[in-house]
*Asks:* 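Below you will find the structure I want to go over with you.
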Amino acid sequence: MNPSSPLKIGILGTGHIGKTLVRKLAAAGHQVKVANSRGPETIEAETLATGAQAVRTEEAVNDIDVLILSIPLVRIPDVAPLIRALPSGVVVADTSNYYPHRDLKIDAIENGQPESLWVSEQIGRPVIKAWNAIGSGSFAEKGMPQGAADRIAIPVAGDDEASRQLIMRLVNDTGFDAFDAGSLADSWRQQPGSPVYCTDLHYDEIPAALAEADISRLPKRRDLAVAVFQERAGDSVTNPNADFGVQVSRIIFR
Ligand SMILES: NC(=O)c1ccc[n+]([C@@H]2O[C@H](COP(=O)([O-])OP(=O)(O)OC[C@H]3O[C@@H](n4cnc5c(N)ncnc54)[C@H](OP(=O)(O)O)[C@@H]3O)[C@@H](O)[C@H]2O)c1
């Protein structure tokens with residue numbers, strides 16, 4: 001694979017994060033196919049405006065270089081059979097985070113298994129954890145060209161060096177610096193409640209934020225932020241706007 005050539009990318013999910021991934025990666029020149037759970041006719045024209053194609057889930061995973069999962073973590077086992085059947089060369093990236101109020105209680109994660117290792121077990125292959133630590137508002141609004149002084153950075157974790165580098169390239173294409181955060185075993189450092197999570201840090205700030213993460217405090221801090229967002233919105237599905245989300249995350253997580 002030529003490191004700078006356009007890629008064939010399948011994306012599952014057109015929600016808060018998926019729809020922005022679709023728009024940005026198609027705008028960057030990649031060949032993007034996207035599916036949600038309700039069918040291609042339900043995917044909004046705005047999501048497809050930069051050239052992506054709306055398809056069924058089975059088509060989204062066919063003949064691709066990269067698959068990006070952007071669905072609730074609890075839904076990943078539903079698509080696992082399709083992913084298990086992919087050729088080994090397809091790189092799978094995952095944006096998901098574990099939220100017990102949405103994903104029900106998953107004992108292995110509650111007992112400390114890094115969320116992406118659980119995902120990897122479900123689909124029977126390695127994943128690259130990316131775009132999980134940027135809020136949907138910042139992701140949609142705060143991307144900048146490479147080299148911009150105030151560009152926000154996103155941690156990317158995964159065990160295969162070449163796959164991690166490939167997804168870091170795609171993170172760059174979406175308007176953010178990609179920080180190499182190392183192995184999936186260490187990826188709990190970028191989970192909800194951690195100092196790097198949705199706090200819109202710059203590249204130079206990320207090493208200290210990852211190092212300061214305290215695994216014993218993440219769930220409590222995550223749940224405190226959820227309580228603030230839900231009280232403000234009056235429901236459990238509305239995402240905070242970019243500035244409010246970042247302010248609250250910085251106060252609670254850092
Ligand atoms: N929201 C954030 O700020 C944020 C930030 C970073 C990471 N994340 C993580 O990224 C993931 C997606 O988050 P989100 O906020 O974008 O979720 P969301 O708004 O709830 O959207 C979820 C999407 O997944 C689709 N989906 C569910 N099951 C599917 C299946 N079996 N096949 C294909 N598509 C399926 C849904 O389809 P329908 O549209 O048909 O319902 C929907 O488009 C979550 O794990 C979340 O924790 C979220």
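Owing to the predicted nature of the structure, the values given are computational and were not obtained by experimental measurement. Basis for what follows: all heavy atoms, side chains included, without hydrogens, waters or symmetry-related copies. Order of appearance sets the numbers: ligands from 1, and atoms from 1 within every ligand.
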*Asks:* Looking only at protein heavy atoms, which one is nearest to atom 24 (O) of ligand 1, and how far off is it?
*Replies:* Ile71 CG2, 3.5 Å
*Asks:* For Lys129 and Ser96, which heavy atoms make the closest approach, and how far apart are they?
*Replies:* NZ-O, 3.5 Å
*Asks:* Any side-chain heavy-atom pair from Gln53 and Val32 closer than 4.5 angstrom?
*Replies:* no
*Asks:* Should the heavy atoms of other residues, nucleotides or ligands under 6.0 Å from CD of Glu46 be counted, would the total exceed 12?
*Replies:* no
*Asks:* Whether the Asp235 and Gln230 side chains hold a donor-acceptor pair (N or O, under 3.5 Å, no angle test) is what I'd like checked.
*Replies:* no
*Asks:* Which is closest to atom 3 (O) of ligand 1 in terms of heavy atoms, Ala140, Ala130, Ser136?
*Replies:* Ser136
*Asks:* Taking atom types as modelled and ignoring hydrogens, do the side chains of Glu121 and Gln113 form a donor-acceptor contact shorter than 3.5 angstrom?
*Replies:* yes
*Asks:* Is it true that Gln191 and Asn97 share a donor-acceptor pair across their side chains at a distance under 3.5 Å?
*Replies:* no
*Asks:* Could you tell me whether Pro72 approaches ligand 1 through its side chain, its backbone, both or neither, with non-hydrogen atoms closer than 4.0 Å?
*Replies:* both
*Asks:* In ligand 1, which numbered atoms sit nearer than 4.0 Å to a non-hydrogen atom of Thr57?
*Replies:* 32 (N), 33 (C)
*Asks:* Which of the atoms in ligand 1, numbered in the order shown and given with their element, are less than 4.0 Å from a heavy-atom of His16?
*Replies:* 1 (N), 14 (P), 15 (O), 16 (O), 19 (O)
*Asks:* What's the shortest distance from atom 12 (C) of ligand 1 to any protein heavy atom, and which residue and atom give it?
*Replies:* Ser70 O, 3.4 Å
*Asks:* Pair Asp223, Lys220 - check salt bridge (charged side-chain N to carboxylate O under 4.0 Å, His left out), show working.
*Replies:* CA-CA 5 Å; Asp223 294 344; Lys220 187 164 191 181; over 6 Å; no
*Asks:* Under 4.0 Å, heavy-atom basis, I'd like to know which part of Arg38 is in contact with ligand 1: side chain, backbone, both or neither.
*Replies:* both
*Asks:* Could you tell me, atom by atom, which parts of ligand 1 come under 4.0 Å of a heavy atom of Gly135?
*Replies:* 3 (O)
*Asks:* With a 4.0 Å heavy-atom cut-off (strictly under), which part of Ile134 contacts ligand 1: side chain, backbone, both or neither?
*Replies:* backbone
*Asks:* Relative to the heavy atoms of Asn132, which atoms of ligand 1 are at a distance of less than 4.0 Å?
*Replies:* 6 (C), 7 (C)
*Asks:* Under 4.0 Å, counting heavy atoms only: does Arg102 come that close to any atom of ligand 1?
*Replies:* yes
*Asks:* Tell me the protein heavy atom at minimum distance from atom 37 (O) of ligand 1, and give that distance in Å.
*Replies:* Ser37 N, 3.2 Å
*Asks:* Run through Ile17, Leu25, Leu12 and flag the one making a side-chain contact (heavy atoms from CB on, under 4.5 Å) with Ile68.
*Replies:* Leu25
*Asks:* Could you check whether any side-chain heavy atom of Leu21 comes within less than 4.5 Å of a side-chain heavy atom of Thr95, counting everything from C-beta outward?
*Replies:* yes
*Asks:* As an exercise, identify every atom of ligand 1 less than 4.0 angstrom from a heavy atom of Gly13.
*Replies:* 23 (C), 24 (O), 25 (C), 34 (N), 43 (O)
*Asks:* May I ask you to identify the nearest protein heavy atom to atom 18 (P) of ligand 1, giving residue, atom name and distance to one decimal place in Å?
*Replies:* Gly15 CA, 3.9 Å
*Asks:* Any atoms of ligand 1 less than 4.0 Å from a non-hydrogen atom of Leu73? List them with their elements.
*Replies:* 45 (O)
*Asks:* Which protein non-hydrogen atom lies closest to atom 9 (C) of ligand 1, naming both residue and atom, and how far is it?
*Replies:* Thr95 O, 3.2 Å
*Asks:* Are Leu170 and Ile9 packed together at the side-chain level, in the sense that at least one heavy-atom pair is separated by less than 4.5 angstrom?
*Replies:* yes
*Asks:* Residues two or more places apart in sequence or in another chain: which of them pass salt bridge (charged side-chain N to carboxylate O under 4.0 Å, His left out) with Asp63?
*Replies:* Lys8
*Asks:* If the contact criterion is a heavy-atom separation under 4.0 Å, does Trp131 count as touching ligand 1?
*Replies:* yes
*Asks:* Is it true that a side-chain atom of Arg189 and a backbone atom of Ala181 form a donor plus acceptor pair closer than 3.5 Å?
*Replies:* no
*Asks:* Side chain or backbone, does Ile17 bring an N or O within less than 3.5 Å of an N or O on ligand 1?
*Replies:* yes
*Asks:* Compare Val119, Val79, Thr14 and give the one whose heavy atom is closest to atom 31 (N) of ligand 1.
*Replies:* Val79
*Asks:* Please list, in number order, the atoms of ligand 1 under 4.0 Å from a heavy atom of Asn97.
*Replies:* 6 (C), 7 (C), 8 (N), 9 (C), 45 (O), 47 (O)
*Asks:* Are any non-hydrogen protein atoms located under 4.0 Å from atom 1 (N) of ligand 1?
*Replies:* yes
*Asks:* Determine which pairs satisfy side chain to side chain donor-acceptor pair (under 3.5 Å) with at least one residue from residues 10-28, sequence neighbours left out, and list them in order.
*Replies:* none
*Asks:* Hey, does Tyr197 come in under 3.5 Å of ligand 1, counting only N/O atoms on both sides?
*Replies:* no
